[in-house]
Amino acid sequence: MPIVRVALPVPLPQLFDYTAEDADGSDVGRCVRVPFGRGDKSGVIVALPGDAEVASARLKPVHHIQRDVPPLPADWLELVGFVARYYHARLGEVVALALPPGLRRADGVSGEDVDPPLDLTAAGQAALAEARRESRALALLSEAVAAGLPARRSVVRALPAGAAVGDALKRGWLAISAQSQPRHLAVGLPTLTEDQAAAVAAFDAAEDGFRCWLLHGVTGSGKTEVYLRLAERALAAGGQVLMLVPEIALTPQLEGRVASRFPAANVVALHSGLAEGARSRGFVQALTGQADIVLGTRLSVFAPLPRLGLILVDEEHDASYKQQEGVRYSARDVAVWRARQRKVPVVLGSATPSLESWLHARNGRYATLNLSRRAVASSLPKVRCIDTSRLRLDEGLSPALHKALEERLARGEQSLVFLNRRGYAPVLSCPSCGWISTCPNCSANLVVHLADRRLRCHHCGCDGPVPAACPSCGNQDIQPFGRGTQRVEARLAELFPAARVLRVDRDAARTRSQWEALLATIANGGADILVGTQMMAKGHDFPRLTLVGVIGADSSLHAADFRAPERLFQQLMQVGGRAGRGTLPGEVLIQTEYPAHPLYQHLSRQDFDAFARMALDERRQAGFPPYTHQAMLRADAPLLHDAVAFLKEARALGEELAGDAVRLFDPVPMRLTRLARRERAQLLVEADQRGPLQAFLLAWMEALYRQRAPRDLRWQVDVDPLDV
DNA sequence: AGCACGCCGACT
DNA sequence: GTCGGCGTGCTC
Ligand SMILES: [Zn+2]
Ligand SMILES: [Zn+2]
């Protein structure tokens, strides 16, 4: 009786063997449903061992092997195996994360193309020629013909009369066309700028095979156009392209652009926001090679791609690429590993690269492609610091910013006031007894949200009404302290009564439709002054926006995290880059009490490289990454003492295993010690080289697992942690 | 992680 | 007498 070895999503270090009557070697990589404990579970067959690791009497038979779709290929199993090893997660957990839930459950899944190419039929031609009667479908036909046919259903659907696509198909005016055009057919190619052309030429000149490129292009320099040209080349060579973006919110826009550039290519979006069926379908299309371009968030780095030819990672510095729970993988780093594994090029793009990638580029490990000039706008925005150390501010607004806003209003241009703090005020406090609004579950303050009159914790999400009087002393005069977007929005509305002030933060853009409505309002010129958080810093083009005012930036200037300056610089450069991307020149005003601070000095000169050199010098002197490698052991329990005690034991255990190459630090409570009723502590491990660190972690994890921690204590490792 | 079994306090 | 507390152990 054949035996199958299965990776299951359970937090156990081992794999599980089952019997399967009809299994053979071709079933490795197939999804399988098995009995487990008292219930059922599903996972992936990773091997067909000759004999089982446990007594054969204990083996149970599998329920069902999913054979409707091809098995996951060996390179995919290698990929999840690498992720499990490197991030010290269980193979089954990585498999569970990488596979769409529907597929892993071994449900029936169809990989049918739901976005086929459509073409005009003879009947459609006749209908157009007759043009007897106005109809939506007819209007769509002429639009589609004008836009060019054949075209993908999604492209036709996106036309003004696109809603009638179903109707046109039903009438037989449009039909699924035989795939006659080459997948790499590219339409609507703009002329490249000199920089873009040089980047594409440099890429073309390189040999085939693995190579990591850093595409360092200033904001508005047209990095996406370079991605599209490189994708075109990969498609022409018969390859599939994997394109990663940091956020779900950025996928529809990019997907539209990619689909209209490559009308004959099958573009598949893959992210956690998709319905289960759509996600499985996209995954299967990638697996069968039907998908030409897979575009998605960090999850999509696990899409199986038999014809993989190129990987693109947009905004590679973005922290969203690192999963912050469960298997803490970095999709950017996994993408680079995968490119090496598959011997294909990978392009990491950003206006503000991570210091890790920037250093690799400087060392020559990565090749660099530079876009130093903007594509449409004539120049980068002018960045100026406003010294607020001796100024009286009006709700955080300096007279200079006030005046600049006035000017934009007079000229009918848009402005953005950037403040990375949601809500009305970060805390409510009582001046007479000193009470402040704290979260019952976290070591954090409750934020005042005046828009819906609630006090809310931004960490655990709990909320309550805003009390009318101090809960501690009964004082009726309790006050919101500090400043968030809602407060600035309110003050701006008072200061500029004729202006249309629009707040753009996670509260205002709760749902996708709200977010799209906000974007449309901004694009149509329905807003004069925007008040926004980092949502505004990412990806989008606002051609009418010419002024960006940054307030409250200093608060992250002295943060304890060694990565805080890097993040601040990236964020300010990105948000500043929103100004003047169209034909109008842009200006960025940064309010600060420390205008002489080197970070702001480099920022005013828009000199990312100078900042990177300075920040890396500091990192080297302090012995921080990328000059060292880190891992963090975190523990959480209802009582802080238990978490710390566990880590102290772990440290003692680790000291015995650690050679000279690995250093362990003292366990400390985390910055946000209490989160959602759990007390958290952490222990940092550091090494100069990855190898010794990995070897140590392997032995340490095993020893810790044997320790059998108390039931209410949870612990996990984070390799290459972002927050230290 | 779930979910069992298993042995001691306050309840009908 | 039992209902239920969560301590310990197992899942192919
Ligand atoms: Zn009080
Ligand atoms: Zn909380």
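Just so it is clear, the values below take in all heavy atoms, side chains as well, and ignore hydrogens, waters and symmetry mates.
A:D636 and A:R677 are not joined by a salt bridge, as no carboxylate oxygen comes within less than 4.0 angstrom of a charged side-chain nitrogen. A salt bridge does not link A:E276 with A:R281: every distance from a Lys NZ or Arg NE/NH1/NH2 to an Asp or Glu carboxylate oxygen is 4.0 Å or more. Of the charged side-chain nitrogens involved, none lies within less than 4.0 Å of a carboxylate oxygen, so that A:K322 and A:D318 do not count as a salt-bridged pair. A salt bridge links A:D17 to A:R5: at least one charged side-chain nitrogen sits closer than 4.0 Å to a carboxylate oxygen.
Whole-Å rounding puts the A:R90 CZ to C:dT11 C1' distance at 14 Å. In this structure, A:R711 atom CZ and C:dT8 atom C1' are separated by 8 Å, rounded to whole Å. Atom OH of A:Y705 is separated from atom C1' of C:dG9 by 11 Å (rounded to the nearest Å). Regarding A:L12, its CG atom lies at a distance of 12 Å from the P atom of C:dC10, rounded to whole Å. Atom-to-atom, CD of A:Q14 to P of C:dT11 comes out at 9 Å; the value is rounded to the nearest Å. If you measure from atom CZ of A:F36 to atom C1' of C:dT11, you get 4 Å, rounded to the nearest angstrom. Note: CD1 (A:I45) to P (C:dC12) measures 16 Å, nearest angstrom. For the pair A:E53 CD and C:dC12 C1', the interatomic distance rounds to 10 Å; values are reported in whole Å.
Residue A:V10 is out of contact with every strand shown, counting any heavy-atom pair closer than 4.0 Å. Using a 4.0 Å heavy-atom distance criterion, A:P9 is classed as making no nucleic acid contact. At a threshold of 4.0 angstrom between heavy atoms, the contacts of A:L8 with the nucleic acid are absent.
The aromatic rings of A:W76 and A:F283 lie perpendicular to each other, with more than 60° between the two planes, well past the 30° mark. Aromatic ring pairs are classed by plane angle as parallel below 30°, tilted from 30° to 60° and perpendicular above 60°; the pair A:W337 and A:F82 is parallel.
A 4.0 Å heavy-atom criterion places the boundary nucleotides of DNA chain B facing chain A at B:dA1 to B:dA4, written 5' to 3'.
Summary of the strand contacts: A:R38 and A:L713 both lie near DNA chain B, and taking for each the nucleotide with the nearest heavy atom, the more 5' one is attributed to A:L713.
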Could you go through residues 661-674 of chain A and list every donor-acceptor pair under 3.5 Å that involves a side-chain atom there, pairing it with any protein atom two or more places apart or in another chain?
from   : atom 1 : to     : atom 2 : distance (Å)
A:R663 : NE     : A:E686 : OE1    : 3.0
A:R663 : NH2    : A:E686 : OE1    : 2.8
A:R663 : NH2    : A:D688 : OD1    : 3.1
A:D666 : OD1    : A:R651 : NH1    : 2.4
A:R671 : NH2    : A:V724 : O      : 3.2
A:T673 : OG1    : A:M670 : O      : 2.8
A:R674 : NE     : A:N441 : O      : 3.4
A:R674 : NH1    : A:E679 : OE2    : 3.4
A:R674 : NH2    : A:P440 : O      : 2.8

